[in-house]
**Student:** 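Can you read through this structure? Questions will come right after.
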Amino acid sequence: MKNLTKIIFSLFIGLTIVSCDDFDMINDDPMAASADQVQVEYFINNAIIGAQQDPHIAERAFVLYWKGAGMHNLGGGITLGTHNDGWSVDYWSTASSWLNAATTAIQIANEKANNGSAQPYNDNLIQVARIWRAYLLSELSDNFGPMPINAFQGINPEFVSTKEVYDFMLDELTQAQSLINTDVARPSKLQNLDAAYMFEWEKWIRFANSLRMRFAMRLSEVDPNKAASEFQAAVATNLYISEASHNFSVEERPGWDPLTGVMSREWNGQFLSATLNNIYVGLGASRHNHR
């Protein structure tokens, strides 16, 4: 009887230990991937494709806001004073998610570098993610002004001035493009996860330096000295977008997803003023300027 009691007691202890181990696992989501399992390029590709704007966001941001501000839009929108705050809310929400994906790519890549699970191209992916994050940050700042440059870190971020945002973006682009190693191999499985450049490293460098020029031009009236120095430094690299093959481009396709063309609305007429039409066909003011 004593031996039987000992056996039962031992089984009870063993089951208790196993149960404790199982209990600790209750908080682990079986459907969630760990940092070791996810790939950095997934997040970069997600941020790139998402930013192409599905028809819902394209209608609000591209057609009713941006296009309406640059051309007249008889269908309504900001030019006719019929804008809706919901459009901004929708754009802010989705654009923030793209920025979050780019930032997460950097975080995951750094974790992989620290724990020894990084691929040979991991460091280059960090720089590509920094470049794309700078672009996304510029879109948000140009639309909404002050932005948090330390967002998505698990704490309440602090919003900083647009000048600080631009200083941060220019520093990021300068550093990132200089740290890309163009000799690193690009396996086909990696190339397929960059919808724009297929991770051709030199093209990302060119894109970064062209962004530096763009951002410098936007500073020309508020800080002309910095604008000039930043622009000249970007030009001095001799690596920037100088021909069509260097352009950042993502293939469009029919459907209802981010790769659907932004001009997908049947009601979205393309109205041109006589002045703009004359410029397009070489008449009007542009012709007089050549005389």
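These values consider heavy atoms only, across backbone and side chains, with no hydrogens, waters or symmetry-generated copies. Quick note: residue numbers are just sequence positions, from 1.
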**Student:** Side chains of Met169 and Ile149: closer than 4.5 Å at any heavy-atom pair?
**Tutor:**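 They are not in side-chain contact.
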
**Student:** Is the shortest side-chain N to carboxylate O distance from Asp142 to Arg218 below 4.0 Å?
**Tutor:**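 Arg218 and Asp142: salt-bridged.
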
**Student:** To the nearest 0.5 Å, what is the distance between CG on Leu140 and CE on Met147?
**Tutor:**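 Interatomic distance, Leu140 CG to Met147 CE, rounded to 0.5 Å: 4.0 Å.
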
**Student:** Return yes if some donor-acceptor pair links the side-chain N/O of Arg60 with the main-chain N/O of Trp87 below 3.5 Å, else return no.
**Tutor:**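 Not at all, since once roles are kept as given, no pair shorter than 3.5 Å links the two residues.
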
**Student:** Counting N and O atoms only, with roles assigned by atom type, does the side chain of Thr260 sit under 3.5 Å from a partner on the main chain of Gly255, one being a donor and the other an acceptor?
**Tutor:**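 Confirmed, Thr260 side chain pairs with Gly255 backbone.
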
**Student:** With a cut-off of 6.0 Å (strictly less than), are more than 12 heavy atoms of other residues, nucleotides or ligands near CD of Glu158?
**Tutor:**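 It does not: Glu158 CD has 12 such atoms or fewer within range.
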
**Student:** When rounded to the nearest 0.5 angstrom, what distance separates CG in Leu125 from CZ in Arg130?
**Tutor:**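 Rounded to the nearest 0.5 Å, the CG-CZ separation comes out at 13.5 Å.
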
**Student:** Is it true that, when you exclude Glu251 itself, more than 12 heavy atoms of the residues, nucleotides or ligands shown sit nearer than 6.0 Å to its CD?
**Tutor:**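 Not buried by this count: 12 neighbours or fewer within 6.0 Å.
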
**Student:** How long is the span from the CZ atom in Phe152 to the CD atom in Gln107, to the nearest 0.5 Å?
**Tutor:**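 The distance works out to 9.5 Å.
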
**Student:** Hey, are the side chains of Leu99 and Arg133 touching, using non-hydrogen atoms and a 4.5 Å cut-off?
**Tutor:**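 Leu99 reaches Arg133 side chain to side chain.
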
**Student:** Ignoring hydrogens and angles, tell me if any N or O in the side chain of Ser178 forms a donor-acceptor pair with the backbone of Gln175 under 3.5 Å.
**Tutor:**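 Side chain of Ser178 to backbone of Gln175, a donor-acceptor pair under 3.5 Å: yes, one is there.
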
**Student:** Taking the side chain as every heavy atom from C-beta outward, state whether Ile44 and Leu193 have any pair of such atoms under 4.5 Å apart.
**Tutor:**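 Sidechains of Leu193 and Ile44: no contact.
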
**Student:** Could you see if Val250 belongs to whatever hydrophobic cluster contains Trp204? Use Ile, Leu, Val, Met, Phe, Trp, Tyr and a side-chain cutoff under 4.5 Å.
**Tutor:**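 In one cluster: yes.
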
**Student:** Sub-3.5 Å donor-acceptor pair from the side chain of Asn45 to the main-chain atoms of Ala195, do we have one?
**Tutor:**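 Looks like yes, one N/O pair under 3.5 Å.
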
**Student:** Using 0.5 Å steps for rounding, measure from the CG atom of Asp257 to the CD atom of Glu252.
**Tutor:**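 If I round to the nearest 0.5 Å, the distance is 10.5 Å.
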
**Student:** Mark yes or no for whether Trp201, through its side chain, and Val184, through its backbone, hold a donor-acceptor pair below 3.5 Å.
**Tutor:**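 The answer is yes, because a donor-acceptor pair under 3.5 Å joins these two groups.
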
**Student:** Side-chain contact, heavy-atom cut-off 4.5 Å: Lys112 with Val40?
**Tutor:**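 The answer is yes, as the side chains (C-beta and beyond) meet within the 4.5 Å cut-off.
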
**Student:** Rounded to the nearest 0.5 Å, what's the gap from CZ on Arg212 to CG on Asn209? Could you check?
**Tutor:**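 That separation rounds to 5.0 Å.
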
**Student:** Is it true that a side-chain atom of Asn114 and a backbone atom of Asn110 form a donor plus acceptor pair closer than 3.5 Å?
**Tutor:**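 Flag set: sc Asn114 to bb Asn110 pair under 3.5 Å.
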
**Student:** Return the orientation label for the Phe159 and Trp92 ring planes: parallel under 30°, perpendicular over 60°, tilted otherwise.
**Tutor:**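 The rings of Phe159 and Trp92 lie parallel, inter-plane angle below 30°.
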
**Student:** So Tyr91 and Phe144, would you call those rings parallel, tilted or perpendicular, with 30° and 60° as cut-offs?
**Tutor:**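 The rings of Tyr91 and Phe144 lie parallel, inter-plane angle below 30°.
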
**Student:** Do the side chain of Asn122 and the main chain of Ala109 share a donor and acceptor less than 3.5 angstrom apart?
**Tutor:**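 Yes, because the side chain of Asn122 sits within donor-acceptor range (under 3.5 Å) of the backbone of Ala109.
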
**Student:** Could you check whether Trp132 and Phe248 have their ring centres less than 6.0 Å apart?
**Tutor:**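 Yes, ring centres under 6.0 Å apart.
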
**Student:** Please examine the side chains of Thr162 and Pro146, heavy atoms only from C-beta on, and report whether any two atoms are closer than 4.5 Å.
**Tutor:**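 Yes, at least one pair of side-chain atoms sits under 4.5 Å.
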
**Student:** Consider only side-chain N and O atoms of Asn100 and Thr104, and report whether a donor and an acceptor are under 3.5 Å apart.
**Tutor:**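 Asn100 vs Thr104: donor-acceptor pair found between side chains.
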
**Student:** Would you kindly say whether Gln191 and Ser188 are connected by a side-chain donor-acceptor distance under 3.5 Å?
**Tutor:**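 On atom types as modelled, these side chains do not qualify, holding no pair under 3.5 Å.
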
**Student:** Does Lys226 reach the side chain of Leu170, with side-chain heavy atoms less than 4.5 Å apart?
**Tutor:**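 Side-chain contact under 4.5 Å: yes.
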
**Student:** Please examine the side chains of Asn124 and Ile180, heavy atoms only from C-beta on, and report whether any two atoms are closer than 4.5 Å.
**Tutor:**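 Touching, per the 4.5 Å side-chain cut-off.
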
**Student:** Are Arg186 and Glu200 close enough for a salt bridge, meaning some N to O gap below 4.0 Å?
**Tutor:**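 Between Glu200 and Arg186 there is no salt bridge, as every charged N stays at least 4.0 Å from the carboxylate O atoms.
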
**Student:** Checking Ser141 side chain against Gly145 main chain: does a donor-acceptor pair fall under 3.5 Å?
**Tutor:**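 Such a contact is found between Ser141 side chain and Gly145 backbone.
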
**Student:** Taking C-beta and beyond as the side chain, do Tyr135 and Arg214 meet within less than 4.5 Å on heavy atoms?
**Tutor:**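 Yes, their side chains come closer than 4.5 Å.
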
**Student:** With rounding to the nearest 0.5 angstrom, report the CG to CD1 distance, Asn238 to Ile205.
**Tutor:**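 Reported to 0.5 Å precision, the distance equals 12.5 Å.
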
**Student:** Side-chain donor-acceptor pair under 3.5 Å between Ser117 and Asn115, yes or no?
**Tutor:**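 Yes - a donor-acceptor pair under 3.5 Å links their side chains.
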
